[in-house]
Number of protein chains: 2
Amino acid sequence: MNKREKLVIDQMVNGENYYYRSISVDNVIFGYHNRELKILLLKPLGMQRWLLPGGYVLKKETLDSAAKRIVRYRTMLKDIKLFQFKCFSDPQRNKDTYFTTSVLSEMAQSLNVKIDNTHWLLDDFISVGYFALTEFSLVKPRGDFYAEECQWWEVNSLPEMSFDHADIIREALLSLKMFTYHYPIGKELLPEKFTIPELQSLYETILNKKIDNRNFTKKMVSIGLVVKTNEKKKIGGHRSPFLYKFDNERYKEIISNGEVLIF
Amino acid sequence: MNKREKLVIDQMVNGENYYYRSISVDNVIFGYHNRELKILLLKPLGMQRWLLPGGYVLKKETLDSAAKRIVRYRTMLKDIKLFQFKCFSDPQRNKDTYFTTSVLSEMAQSLNVKIDNTHWLLDDFISVGYFALTEFSLVKPRGDFYAEECQWWEVNSLPEMSFDHADIIREALLSLKMFTYHYPIGKELLPEKFTIPELQSLYETILNKKIDNRNFTKKMVSIGLVVKTNEKKKIGGHRSPFLYKFDNERYKEIISNGEVLIF
DNA sequence: TCAATAGTGTCTCTTAGACAATATCGC
DNA sequence: GCGATATTGTCTAAGAGACACTATTGA
C-alpha cells in the first residue's frame, strides 16, 4: 500500500478530526497549448463522467493553501497562480448519487474501510471554486489509484462532467474573461518566449472574439508589456514570427496599477 | 419566550441537523446618508466589540439565499442587491475566545440550553463574505435579544470589531471599489431623486479620491445614466441643486454590457 | 509559384482630463 | 453683501478602432 492510499484511508476513518465539515475546494486549472485553452480533469475508476481536481480543507490551513496543495499534487508544480472566484452551494449540487453510492463505497471497500450514512464524506458539500493558470508544458498530470485518468481537455470540447463541475468551469471561464479585461495575462500560460500571434490567439480564445492584429500588436508593445527579441520561431510553410518576452517589471506594474486593458 | 428565542434555542439544540457545519455567512451592508457611507453593525449583549450581521446556512438553501435571509431579518428589506465577494478561512479567525467561552455559553445558559466542547457552534467556521447595497432611509435596523444593539456606523469611524470582521469590511470596501469601476452604482444606495453633488460625493467616498465636478457631470449625463428633472432640492444657504433620476433602462444596459466607467 | 501566416502604418473620431468664472440661495 | 455651494464649456492630447497590402517560408 502506498503513501497516497494510506492518506486516503486515514481521511475516511479520521478525516473529520482534521478536515472542515461540508467544505471542499475545486480547481479549474487552465493550460494553453497549440493555441488551445485546456483544463486539467480527472476520472475516478469506474466513473463515466469526469471531475475537476478538488479536495477537502484542513482545519489548520486556509482555503488558498488547500487549493494550492491540491493543485500541486495533481500538477507537481509549486508556483502556480490561483484565484478564488466563486462558491457553489446549490443543495442539488451533491446529488450525483452514483458517486456517493457506488464510487465512494467501492473505494471504501477496496481499501477495507467502513463508511455509513452519517459519514462526513457523505455530507452535502459547499465548494469553493479556484482557477489556476499554468504553463502547459511544465505540468506532469498525475493520476493515482483514485483518479484513474488525469489529463488535459480542450475547453471547447469537454467530456461529460459530474456534479455541477460543468457549471463551475463555465463560471471559471467567465471569471477568467473578466480578469483578462482588467489584468494582463499570458505570463502564467505561455512559455518564456512566445510569438505575438500566439499571445493574440490566447486573448481571442479567452475573450471569445476576434481582435485586429495590427491594433493588438500596437497596444501590447506601446504599453510596454512585451518586448521583441531578435529570434524567430520557425514553424512551417510561411513567414517566421518573431519571439517576444514579457517585461516583468512592467507586467507587475500594470497588475498593481490595475490598468484596464480593453480590446 | 418569543419566536426568535425559540429559533435560537432550536439552533443550539438541533442546528446540526439542518445547518451546514463550519460554514457561515457575513454581510457588509452598505447604506449612504448625509454624504457618508455607512455599514450596519450589531453588538451582542455583554460584548465590547461589534459584529457584522451574519449567520448560518441551511442545508436546503444556497449561500445567496442564506445571506439574503439574514439581511432581510436585520433590515426588514426584501429587495436588496447582494454580492458574494470573498471567503475568509484563516484558521486564526475563530480565535475570539471571549465570544465562544463567554457570550455563547452565557446565552446558552440564559436560554437554558447545554452546549459542550464538541458542539457544532464551537467548530471553526469558514465565512463567506457578502456585501449588500441598500437605501439608508428604507432600513429599520433590528436588534433582538442576541443583538443588543444594531445600528449604522460611518465607514471611516468604525467601532472595534471582533473576529476578523475588520478584515472582512476592508475587503468589502475594496470589492465595492472595484465593482464601482466596472458597473454603475447609486441606484441601490440613493433615493429615487438625488442631486449630482450627492452622487459625486458617493463616488468620491467609495473610490477614495476627488473627481472633477465638470467632468463627472458631463460623463454621467453623456452616457445617459442620469436624467435631469425640473425640480430642485432646497438645502440651505446656497444655490439649489437640480434633482436627477437614474434612467433605469440605460442603467441595466450598462450593467449587462459591462461597460467600464473610469474616473 | 502557391498556400499559409506574419508584419506593418495611417487616419479618424471619441473622450479622458485639465482648467475657472458665474449663478443662487439664505442669512 | 457675504459665505457657501451649484452650474456650466472649451481645449488638448491620447488612444480606440477601422482598414489592406507586402513579406517570408516551405512544399
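A note on names: the letters A, B, ... follow the listed sequences, proteins ahead of strands, and every chain is numbered from 1.
In this structure, CZ of A:R214 is placed 13 Å from P of D:dT22, rounded to the nearest angstrom. Between the NZ atom of B:K219 and the P atom of C:dT14 there is a distance of 15 Å, rounded to whole Å. If you take OH of B:Y181 and P of C:dA16, they are 13 Å apart, rounded to a whole angstrom. Between the CG atom of B:N215 and the C1' atom of C:dT15 there is a distance of 10 Å, given to the nearest Å. The CG-P distance, from B:L261 to C:dG17, rounds to 12 Å in whole Å.
The cationic atom of A:K187 (NZ for Lys, CZ for Arg) does not lie both less than 6.0 Å from the six-membered ring centre of A:F246 and within 45° of the ring axis.
A perpendicular orientation is assigned to the rings of B:F131 and B:F30, their planes being inclined by more than 60° (bins at 30° and 60°).
Between B:F136 and B:Y32, the gap from one ring centroid to the other reaches at least 6.0 Å. The ring of B:F85 has its center no closer than 6.0 angstrom to the ring center of B:Y130. For A:F83 and A:F179, the gap between ring centers is short of 6.0 Å.
Which of C:dG17, D:dA20, C:dA20 sits closest to the side chain of B:K218 comes down to C:dG17.
Within residues 224-247 of chain B, the residues that have a heavy atom under 4.0 Å from DNA chain C are, in order of number, B:K234, B:G236, B:G237, B:H238, B:R239, B:S240. Residues from residues 195-212 of chain B that place a heavy atom under 4.0 Å from any atom of DNA chain C, listed by number: B:D212.
Remark: A:K68 NZ is loosely packed, at most 12 non-hydrogen atoms of other residues, nucleotides or ligands lying under 6.0 Å away.
Between B:R93 and B:D90, none of the side-chain N atoms (NZ, or NE/NH1/NH2) sits under 4.0 Å from a carboxylate O, so this pair counts as no salt bridge.
Here the side chain of A:K252 pairs no donor or acceptor atom with the backbone of A:S256 at under 3.5 angstrom.
Taking only distance into account, the side chain of B:N213 never meets the base of D:dA6 through a donor-acceptor pair shorter than 3.5 Å.
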